[in-house]
Each structure stands twice: as C-alpha cells, then as structure tokens.
Amino acid sequence: MEQLDATIVNTAIPSIAASLQVTPLSLKSVVTSYILGLAVGIPLSGWMADRFGTRRVFFTAISIFTIASVLCGLSVDAHMMTAARLLQGLGGAMMMPVGRLAIVRTFPKSELLGAMNFVIIPALIGPLLGPTVGGLIVHWTSWRVIFFVNVPVGLIALYLVWKHMPDYQGHEKRPLDVLGLILFSSGTAILSWLLEVFGEHTLDAMTAALMLALSLALLGSYVWHAFRIKYPLLRLSLFKVRTFRISVAGGFFTRLGVGGLPFLLPLLYQLGLGLPAWQSGLLMMPSAAAAMGMKMFAPRLLARFGYRQILTVNTVCIGLTILMFSLVGPGTPFYVIVAISLAQGFFNSLQFSSMNTLAYADIESQDSSMASTMSSSFQQLSMSFGLAAGSIVTAWYLGPVAQDDRVAVSEALHHGFATLAVMTLLSSVIFWRLRRNDGDSISRGQVKAKEAAQPVTTQ
C-alpha cells in the first residue's frame with residue numbers, strides 16, 4: 001500500500017495541480033511533507049513498539065495511513081493536501097521499522113533472510129504497477145481515486161494484523177528520550193526538506209546555508225546528548241558492532257548512487273529520448289520485475305558466497321549498470337534499455353536484501369527494535385541524499401543551458417549517471433572491510449544448526 005501510493009502520486013501531480021488550481025511546482029510540498037512525516041516518525045517507532053507492542057503500533061500505523069489517504073482524496077486545496085500527506089508520512093514511518101522488527105523477533109537468524117525476502121516481494125508490486133496504474137486512473141477517472149484505492153487494502157491489512165500478527169514488547173520499559181526526539185527529528189526533518197527543495201529559485205544560497213548549519217547543529221547536539229544518558233532515542237553505541245556499522249554505512253553511500261535513479265531515469269526517457277510519460281513508466285517496470293525475481297535467488301547466493309563477496313562484487317555491478325545508462329540515447333534499441341533495467345533491478349534487489357539482513361547478524365534480540373529503528377532512520381536519510389545527489393550532479397553539468405535543449409539535457413544526464421556510477425563503485429570499499437565469515441549466522445545459519453545437531457563422538 002505504501003509503495004503503491006508513493007509511485008502513483010508522482011504520476012498524478014499534474015492532474016492534482018490542475019484540480020486544485022495551482023502550479024505543479026507548488027505541489028512540491030505534497031512530496032516534502034510526506035518525507036518530513038517519515039523523518040519525525042521513524043525514530044519514535046522503536047520506542048513505541050517496545051512500549052505498546054508491535055501489533056498495536058502496526059495496527060495504529062495502518063489506521064493512520066488509511067485515514068490520511070481518505071483525507072488526501074477529499075482535499076479541496078493544496079494546504080489540506082499537504083497536511084494530509086504529513087499525517088500519511090507519520091503512519092508510514094511506523095510501518096517499515098515495526099513490521100521489520102516483528103519479522104526479526106519471529107524468525108531465528110538462520111531463517112531471517114528468506115522471511116524478509118518473502119515479505120518484501122508483495123511490496124515490490126507497488127513500484128511495478130504504480131506508474132502504469134496511476135496513469136490509467138488519472139486518464140479514465142479522477143486523481144482522487146488514487147488515494148481511495150488504499151481504503152480496501154488498509155481494511156484488509158487491519159483485519160490480518162489484528163488476527164495474526166504477533167505482539168512483541170520490549171524487555172524493559174525505557175523512558176522516552178523527549179529531548180533526543182526533538183533534536184534528531186528536527187535535524188533530520190530540516191535536512192530532508194532542504195535536500196528535497198535544493199536548487200529551487202525560491203530558496204536563496206544564504207537561507208540554504210543557514211538551514212544546513214542548523215540541521216547539522218541539531219544532529220551534532222543529538223550525538224553529544226545520546227552519549228550522556230542511559231536511554232537515548234537512538235543508541236549510537238550499536239555502531240560498535242562491526243557488521244551493523246558496515247551495513248548502515250555501506251548502505252548509506254551505496255544509496256547515494258542508486259537513490260538518484262528514480263529521479264534521473266524519467267528525465268532521460270522523457271526529456272532525453274522524447275518519450276511520453278506512459279512509455280517512460282513502462283520502461284521503469286522491468287527493474288521492479290527483476291527485483292521481485294531476485295528475491296528467490298538471494299538466499300542461495302549468500303549461502304554460497306557469503307556477505308563479504310556478494311556485497312563487494314554486487315556493488316561494483318550496480319556501479320557498472322548505472323554507468324551503462326550514460327550510453328543510452330535516441331538511437332538505443334528498446335530491448336537494450338529493458339536489458340539494462342532488468343540488470344539494475346536484479347543487482348539492486350540483491351544489494352538491499354544483503355544490506356538489510358546483515359544489519360541484524362550480530363545484534364542481540366533485546367537490541368533488535370533499536371537496530372530496526374536506526375537502520376530505517378539512516379535508510380530514509382540516504383534516500384533523501386540520493387535524490388539530492390542525482391539532482392545536484394545533473395544540474396551542475398547542465399549549467400545555465402535551457403532545459404528544453406534535448407541534446408544538452410541528454411549530455412548532462414549522461415555525465416550525471418557516470419558520476420553516480422563512480423560514487424557507487426567507490427562505496428564497495430566499505431564492504432571489503434567485512435570478514436569472510438561475517439553474516440554466516442544469517443546466510444549459513446541452517447548449515448551451522450545441522451552441524452551443531454550432529455552427535456559428538458570420542459575415540
């Protein structure tokens with residue numbers, strides 16, 4: 001529901017703007033408000049799950065998201081839409097980390113990789129169908145139907161959660177770090193918003209610099225605060241666990257390259273190749289389809305080669321795939337573009353499955369909610385950084401040239417892809433620091449369990 005909503009809304013922005021009698025660019029707040037909701041809500045999700053239980057929090061998150069979807073569909077102006085999207089972001093912020101936490105606590109580490117992949121496959125239907133479904137809904141009905149689609153899905157999800165979802169609570173009732181919540185959430189919210197609107201003429205350089213300094217000061221204050229209290233909002237000492245540290249850091253820098261693709265690829269297809277929006281949406285589908293298929297092979301590949309080898313080599317493959325998009329031009333056959341998209345989806349899917357599960361390889365069960373919250377928070381930040389990186393790099397190469405110059409835009413996009421590719425290739429160095437057996441408790445846990453079950457014989 002969340003993934004489908006995110007991909008559909010982007011397709012409907014022109015129709016929403018026309019209906020609400022505003023310009024499409026003025027609806028930037030509709031996108032950024034959702035990001036702000038995520039930035040504020042994700043750090044709080046782990047504490048709420050520990051205090052009130054995973055079932056109740058997940059049920060509440062879906063309820064908020066569904067109600068906010070109805071409010072979005074009923075919006076009469078841009079201000080109401082922005083407020084509803086902010087509420088929707090708060091609901092969505094609790095879905096991913098709390099859902100992931102329930103999986104981590106339900107399954108032993110030896111089954112965690114397969115369980116997470118199984119759960120993620122339905123979520124990938126959103127990016128697969130979102131652009132096409134959004135285009136069809138907007139073409140044949142009203143944009144409001146896009147948000148009302150969430151209602152039956154949300155009601156079914158609420159029933160399944162209440163009937164079947166396990167209810168885990170924390171081992172100890174830790175107090176809420178209110179000051180930490182204010183410092184970290186406000187710092188990440190300002191930084192995420194700044195990255196979303198970077199490059200717009202409505203924000204001058206001095207204001208942007210001051211806001212960047214403020215966000216960094218807030219985040220720096222949180223780091224100082226977190227090491228001085230017993231129960232911080234995010235326990236930064238978890239970064240002492242090597243596999244967790246490498247997973248989060250490697251994932252952050254890898255997403256700087258990968259995160260720019262959803263922004264740059266539609267520009268390449270529509271501005272560079274001159275394709276209509278619906279064809280551009282269709283060209284985004286092979287990547288999502290390959291990502292779904294990859295989930296079936298990831299456990300076997302990780303069991304065979306291990307996390308260190310997979311993440312190091314696969315990061316290089318992602319970088320090379322991004323580089324291949326820099327060769328796509330008006331004369332490139334469609335089957336070549338589809339092949340590159342399939343490869344991109346395949347490698348990206350393997351990368352995310354590996355990084356997301358490696359984070360829990362050496363985490364104790366009592367720290368699982370904290371690890372889930374922290375990894376989700378940094379994942380959200382890295383997505384914002386990735387989108388900003390793609391935008392900034394391409395705008396720098398384009399310079400003052402008008403954006404209706406197709407040749408200049410294509411050239412700038414090609415240079416942008418090449419730069420992001422180099423950034424991704426360099427991030428593979430982080431994963432090289434893994435040890436050969438790191439993550440074996442997840443990728444090869446079943447083998448170890450069998451070996452441990454064999455009787456010990458003595459001569």
Side-chain angles (χ1 to χ4, degrees), residues 36-61 64 89-106 109 112 165-192 214-249 251-252 356-382:
L36 293 179
L38 291 176
V40 172
I42 288 178
L44 187 60
S45 60
W47 178 85
M48 292 187 66
D50 283 345
R51 175 60 65 93
F52 301 108
T54 52
R55 182 197 297 156
R56 188 180 302 176
V57 174
F58 202 64
F59 187 92
T60 303
I64 292 173
L90 289 171
M94 292 184 286
M95 285 189 199
M96 179 176 65
V98 175
R100 186 182 293 176
L101 172 61
I103 298 169
V104 171
R105 288 188 174 174
T106 298
K109 290 182 179 180
L112 186 59
M165 187 171 184
D167 192 23
Y168 300 114
Q169 294 191 14
H171 297 281
E172 57 181 342
K173 301 294 184 182
R174 56 189 175 98
L176 176 62
D177 178 15
V178 178
L179 178 58
L181 177 64
I182 294 172
L183 291 173
F184 186 81
S185 296
S186 56
T188 53
I190 293 172
L191 185 58
S192 297
L214 175 61
S215 67
L216 294 178
L218 288 167
L219 293 173
S221 299
Y222 174 77
V223 173
W224 178 82
H225 164 78
F227 283 111
R228 292 174 59 87
I229 64 172
K230 184 178 180 181
Y231 297 105
L233 181 73
L234 301 178
R235 196 163 71 250
L236 301 181
S237 59
L238 275 186
F239 283 117
K240 294 178 181 178
V241 180
R242 189 183 65 262
T243 50
F244 181 79
R245 180 176 67 249
I246 293 176
S247 172
V248 173
F252 188 93
N356 292 340
T357 53
L358 177 64
Y360 302 97
D362 300 313
I363 296 294
E364 301 295 333
S365 59
Q366 65 267 22
D367 295 326
S368 55
S369 65
M370 182 63 68
S372 178
T373 302
M374 289 178 63
S375 62
S376 298
S377 297
F378 283 95
Q379 182 175 325
Q380 177 57 43
L381 268 179
S382 66

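- In terms of heavy atoms, Ser376 sits closest to Pro97 at OG-CB, 3.5 Å.
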Candidate pair Ser372 and Tyr360, rule side-chain contact (heavy atoms from CB on, under 4.5 Å), full reasoning: CA-CA 8 Å; Ser372 178; Tyr360 302 97; 3.4 Å; yes
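- To the nearest 0.5 Å, atom CZ of residue Phe58 and atom CG of residue Leu101 are 11.0 Å apart.
- Between the CG atom of Leu358 and the CD1 atom of Ile363 there is a distance of 10.0 Å, given to the nearest 0.5 Å.
- In terms of heavy-atom proximity, Leu236 sits nearest to Ala226 at CD1-CB, 4.1 Å.
- Counting heavy atoms from C-beta on, the side chains of Leu233 and Tyr222 come closer than 4.5 Å.
- Counting only residues at least two apart or in different chains, ring pair (Phe, Tyr, Trp, His ring centres under 6.0 Å) contacts with residues 224-243 comprise Phe239-Phe244, Phe239-Phe378.
- Note that the CD1 atom of Ile190 and the CG atom of Leu214 stand 4.0 Å from one another [nearest 0.5 Å].
- Here the CG atom belonging to Asp50 is positioned 11.5 Å from the CG atom belonging to Leu176, to the nearest 0.5 angstrom.
- The two residues Ala361 and Lys109 make their nearest non-hydrogen contact at O-NZ, 2.8 Å.
- Remark: side-chain polar atoms of Ser368 are paired, donor with acceptor, to backbone N or O of Ser365 under 3.5 angstrom.
- In terms of heavy atoms, Ala61 sits closest to Gly91 at CB-O, 3.4 Å.
- Ser185 places no side-chain N or O within 3.5 Å of a backbone atom of Ile182 that could act as its donor or acceptor partner.
- Proximity of Leu234 to Asp177: side-chain heavy atoms (C-beta onward) are nowhere separated by under 4.5 Å.
- At distances below 3.5 Å, at least one donor-acceptor pair connects side-chain atoms of Thr54 with backbone N or O atoms of Tyr168.
- Identified under the salt bridge (Lys or Arg N to Asp or Glu O under 4.0 Å) test for residues 221-236, with sequence neighbours left out: Arg235-Asp367.
- Within 6.0 Å of the CZ atom in Arg56, the count of heavy atoms belonging to other residues, nucleotides or ligands does not exceed 12.
- When all heavy atoms of Met165 and Ala102 are compared, the closest pair comes out as CE-CB, 3.5 Å.
- Taking 4.5 Å as the limit, every side-chain heavy atom of Ile42 sits out of range of all side-chain heavy atoms of Gln379.
- Residues forming a side chain to side chain donor-acceptor pair (under 3.5 Å) with Ser377 (at least two apart in sequence, or on another chain): none.
- Atom CE of Met94 is separated from atom OG1 of Thr373 by 12.0 Å, given to the nearest 0.5 angstrom.
- Asn356 places none of its side-chain heavy atoms less than 4.5 Å from the side chain of Ser375.
- Put simply, the side chain of Val248 does not reach to within 4.5 Å of the side chain of Met374, judged on heavy atoms.
- Taking 4.5 Å as the limit, every side-chain heavy atom of Arg105 sits out of range of all side-chain heavy atoms of Pro166.
- For Arg51 (side chain) and Arg174 (main-chain N/O), a donor-acceptor pair under 3.5 Å exists by modelled atom type.
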